[in-house]
Amino acid sequence: MNSKRPVNLDLGKFHFPLPAITSILHRISGVIMFVGVAFLLYGLDLSLSGENGFNRVNELLDSFLAKLIIWGILSALLYHLVAGIKHLLMDMGIGEELQSGRLAAKLTLVISVILIILAGVWIWL
(Lines give C-alpha, C1' and ligand atoms only; values in the text may rest on other atoms or scores of the structure.)
Protein backbone atom coordinates (compact mmCIF):
# COMPACT_ATOMS: atom_id res chain seq x y z
CA MET A 1 0.00 0.00 0.00
CA ASN A 2 1.20 3.47 -0.87
CA SER A 3 1.69 5.43 2.34
CA LYS A 4 1.77 8.80 0.52
CA ARG A 5 -1.96 8.76 -0.12
CA PRO A 6 -3.79 11.86 1.13
CA VAL A 7 -5.84 11.28 4.22
CA ASN A 8 -8.08 14.35 3.91
CA LEU A 9 -8.51 16.07 0.58
CA ASP A 10 -8.42 19.86 0.72
CA LEU A 11 -10.85 20.91 -2.01
CA GLY A 12 -9.48 24.46 -1.81
CA LYS A 13 -6.24 23.26 -3.38
CA PHE A 14 -7.89 21.80 -6.47
CA HIS A 15 -7.99 23.98 -9.56
CA PHE A 16 -10.72 22.89 -11.91
CA PRO A 17 -10.47 23.75 -15.61
CA LEU A 18 -13.01 26.21 -16.99
CA PRO A 19 -15.03 23.56 -18.88
CA ALA A 20 -15.44 21.63 -15.63
CA ILE A 21 -16.62 24.77 -13.83
CA THR A 22 -19.20 25.50 -16.53
CA SER A 23 -20.41 21.91 -16.33
CA ILE A 24 -20.79 22.12 -12.55
CA LEU A 25 -22.61 25.45 -12.89
CA HIS A 26 -24.92 23.80 -15.43
CA ARG A 27 -25.92 21.24 -12.82
CA ILE A 28 -26.33 23.89 -10.12
CA SER A 29 -28.54 26.00 -12.39
CA GLY A 30 -30.74 22.94 -12.94
CA VAL A 31 -31.19 22.52 -9.19
CA ILE A 32 -32.00 26.23 -8.81
CA MET A 33 -34.63 25.95 -11.53
CA PHE A 34 -36.11 22.88 -9.83
CA VAL A 35 -36.44 24.72 -6.52
CA GLY A 36 -37.65 27.87 -8.26
CA VAL A 37 -40.57 26.02 -9.79
CA ALA A 38 -42.11 25.85 -6.29
CA PHE A 39 -42.16 29.67 -6.08
CA LEU A 40 -43.56 29.98 -9.58
CA LEU A 41 -46.28 27.39 -8.95
CA TYR A 42 -47.24 29.13 -5.71
CA GLY A 43 -47.61 32.42 -7.59
CA LEU A 44 -49.64 30.73 -10.33
CA ASP A 45 -51.93 29.03 -7.79
CA LEU A 46 -52.43 32.28 -5.90
CA SER A 47 -53.11 34.28 -9.05
CA LEU A 48 -55.70 31.75 -10.26
CA SER A 49 -57.55 31.64 -6.93
CA GLY A 50 -59.50 34.79 -7.71
CA GLU A 51 -59.29 38.52 -8.12
CA ASN A 52 -57.89 39.04 -4.61
CA GLY A 53 -55.20 36.43 -5.21
CA PHE A 54 -54.30 38.00 -8.52
CA ASN A 55 -53.98 41.42 -6.89
CA ARG A 56 -51.87 39.89 -4.11
CA VAL A 57 -49.47 38.40 -6.69
CA ASN A 58 -49.21 41.80 -8.38
CA GLU A 59 -48.30 43.36 -5.03
CA LEU A 60 -45.77 40.61 -4.29
CA LEU A 61 -44.08 41.01 -7.67
CA ASP A 62 -43.47 44.69 -6.97
CA SER A 63 -41.27 43.89 -3.96
CA PHE A 64 -37.48 43.78 -4.18
CA LEU A 65 -37.27 40.23 -2.82
CA ALA A 66 -39.73 38.87 -5.37
CA LYS A 67 -37.86 40.58 -8.21
CA LEU A 68 -34.60 39.12 -6.90
CA ILE A 69 -36.09 35.62 -6.76
CA ILE A 70 -37.53 35.95 -10.27
CA TRP A 71 -34.19 37.25 -11.53
CA GLY A 72 -32.39 34.32 -9.90
CA ILE A 73 -34.73 31.78 -11.46
CA LEU A 74 -34.51 33.50 -14.84
CA SER A 75 -30.72 33.69 -14.56
CA ALA A 76 -30.53 29.97 -13.84
CA LEU A 77 -32.83 29.30 -16.79
CA LEU A 78 -30.74 31.42 -19.16
CA TYR A 79 -27.43 29.89 -18.05
CA HIS A 80 -28.90 26.39 -18.23
CA LEU A 81 -30.15 27.10 -21.75
CA VAL A 82 -26.80 28.39 -23.01
CA ALA A 83 -24.83 25.60 -21.33
CA GLY A 84 -27.34 23.05 -22.60
CA ILE A 85 -26.82 24.27 -26.17
CA LYS A 86 -23.07 23.94 -25.64
CA HIS A 87 -23.55 20.36 -24.42
CA LEU A 88 -25.76 19.55 -27.41
CA LEU A 89 -23.06 20.87 -29.76
CA MET A 90 -20.49 18.75 -27.97
CA ASP A 91 -22.76 15.71 -28.38
CA MET A 92 -22.63 16.37 -32.13
CA GLY A 93 -18.82 16.37 -32.01
CA ILE A 94 -18.34 20.14 -32.08
CA GLY A 95 -16.00 21.54 -29.44
CA GLU A 96 -14.67 18.29 -28.04
CA GLU A 97 -10.99 19.19 -28.38
CA LEU A 98 -9.17 20.90 -25.53
CA GLN A 99 -8.84 24.34 -27.14
CA SER A 100 -12.35 24.43 -28.58
CA GLY A 101 -13.74 23.18 -25.26
CA ARG A 102 -12.08 26.06 -23.44
CA LEU A 103 -13.38 28.51 -26.03
CA ALA A 104 -16.89 27.08 -25.75
CA ALA A 105 -16.74 27.40 -21.95
CA LYS A 106 -15.65 31.05 -22.23
CA LEU A 107 -18.41 31.76 -24.77
CA THR A 108 -20.95 30.08 -22.50
CA LEU A 109 -20.01 32.34 -19.61
CA VAL A 110 -19.88 35.53 -21.69
CA ILE A 111 -23.20 34.91 -23.45
CA SER A 112 -24.84 33.91 -20.16
CA VAL A 113 -23.60 37.01 -18.34
CA ILE A 114 -24.89 39.25 -21.13
CA LEU A 115 -28.29 37.55 -21.10
CA ILE A 116 -28.49 37.65 -17.30
CA ILE A 117 -27.70 41.37 -17.24
CA LEU A 118 -30.33 42.01 -19.91
CA ALA A 119 -32.85 39.99 -17.87
CA GLY A 120 -32.04 42.10 -14.80
CA VAL A 121 -32.56 45.29 -16.75
CA TRP A 122 -35.88 43.93 -18.07
CA ILE A 123 -37.08 42.94 -14.58
CA TRP A 124 -36.10 46.13 -12.76
CA LEU A 125 -37.17 48.64 -15.42
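In what follows, every heavy atom counts, from backbone to side chain, and hydrogens, waters and symmetry copies are set aside. This structure is a prediction, so every number in the text was calculated from the model and none was measured.
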(request) Could you tell me whether the side chain of L103 reaches within less than 4.5 Å of the side chain of L107, counting heavy atoms only? (result) yes

(request) Check each of L46, L48, L44 against V57 using the side-chain contact (heavy atoms from CB on, under 4.5 Å) test, and report the only one that passes. (result) L46

(message) Would you compute the distance between atom OG of S29 and atom CD1 of I24 and round it to the nearest 0.5 angstrom?
(response) 12.0 Å

(request) Identify, with sequence neighbours excluded, every residue that meets ring-ring contact (aromatic ring centres under 6.0 Å, His included) alongside H80. (result) H26

(message) Would a single hydrophobic cluster contain both Y79 and V110, if residues Ile, Leu, Val, Met, Phe, Trp and Tyr are joined by side-chain heavy-atom contacts under 4.5 Å?
(response) no

(message) Count I, L, V, M, F, W, Y as connected when their side-chain heavy atoms are under 4.5 Å apart, and connections chain through other members. Are L25 and F16 then in the same cluster?
(response) yes

(request) Check whether any side-chain heavy atom of L41 lies under 4.5 Å from a side-chain heavy atom of D45, and answer yes or no. (result) no

Which donor-acceptor pairs under 3.5 Å do side chains of residues 93-100 form with protein atoms, sequence neighbours excluded?
| unit_1 | atom_1 | unit_2 | atom_2 | d |
| --- | --- | --- | --- | --- |
| E97 | OE1 | S100 | OG | 3.1 |
| Q99 | OE1 | R102 | NH1 | 3.1 |
| S100 | OG | E97 | N | 3.3 |
| S100 | OG | E97 | O | 3.3 |

(request) Please report the closest heavy-atom contact between P19 and G101, naming both atoms and the distance. (result) CG-O, 3.8 Å

(request) Identify the two heavy atoms, one from L60 and one from A66, that lie closest to each other, and give their separation to 0.1 Å. (result) O-CB, 2.9 Å

(message) For a side-chain contact (heavy atoms from CB on, under 4.5 Å) check, start with the C-alpha distance between I28 and V31, then their side-chain angles and the critical distance, and finish with the verdict.
(response) CA-CA 5 Å; I28 292 172; V31 171; 5.7 Å; no

(request) Could you grab the distance from atom CG of L78 to atom CD1 of I117, nearest 0.5 Å is fine? (result) 11.5 Å

(message) How about CH2 on W124, more than 12 heavy atoms from neighbouring residues, nucleotides or ligands closer than 6.0 Å, or not?
(response) yes

(message) So, taking the atom named CG in L18 and the one named CG in L109, what distance separates them when rounded to the nearest 0.5 Å?
(response) 5.5 Å

(request) Following the transitive rule for hydrophobic clusters with a side-chain heavy-atom cut-off under 4.5 Å over Ile, Leu, Val, Met, Phe, Trp and Tyr, establish whether I32 and L68 coincide in one cluster. (result) no

(request) Return the minimal non-hydrogen interatomic distance between H15 and K13, and the atom names on each side. (result) CD2-O, 3.4 Å

(message) Return the OG to CZ distance between S49 and R56, rounded to the nearest 0.5 Å.
(response) 11.5 Å

(request) Starting at NZ of K86, measure out to CD1 of I111 and round the result to the nearest 0.5 Å. (result) 11.5 Å

(message) Please determine whether residues L61 and W122 belong to a single hydrophobic cluster, defined as Ile, Leu, Val, Met, Phe, Trp and Tyr linked transitively by side-chain heavy-atom distances below 4.5 Å.
(response) yes

(request) Find the distance between CZ (F39) and CD1 (I69) and round it off to the nearest 0.5 Å. (result) 5.0 Å

(request) Would you kindly confirm whether Y42 and I73 end up in one hydrophobic cluster when ILVMFWY residues are joined by side chain heavy atoms under 4.5 Å apart? (result) yes

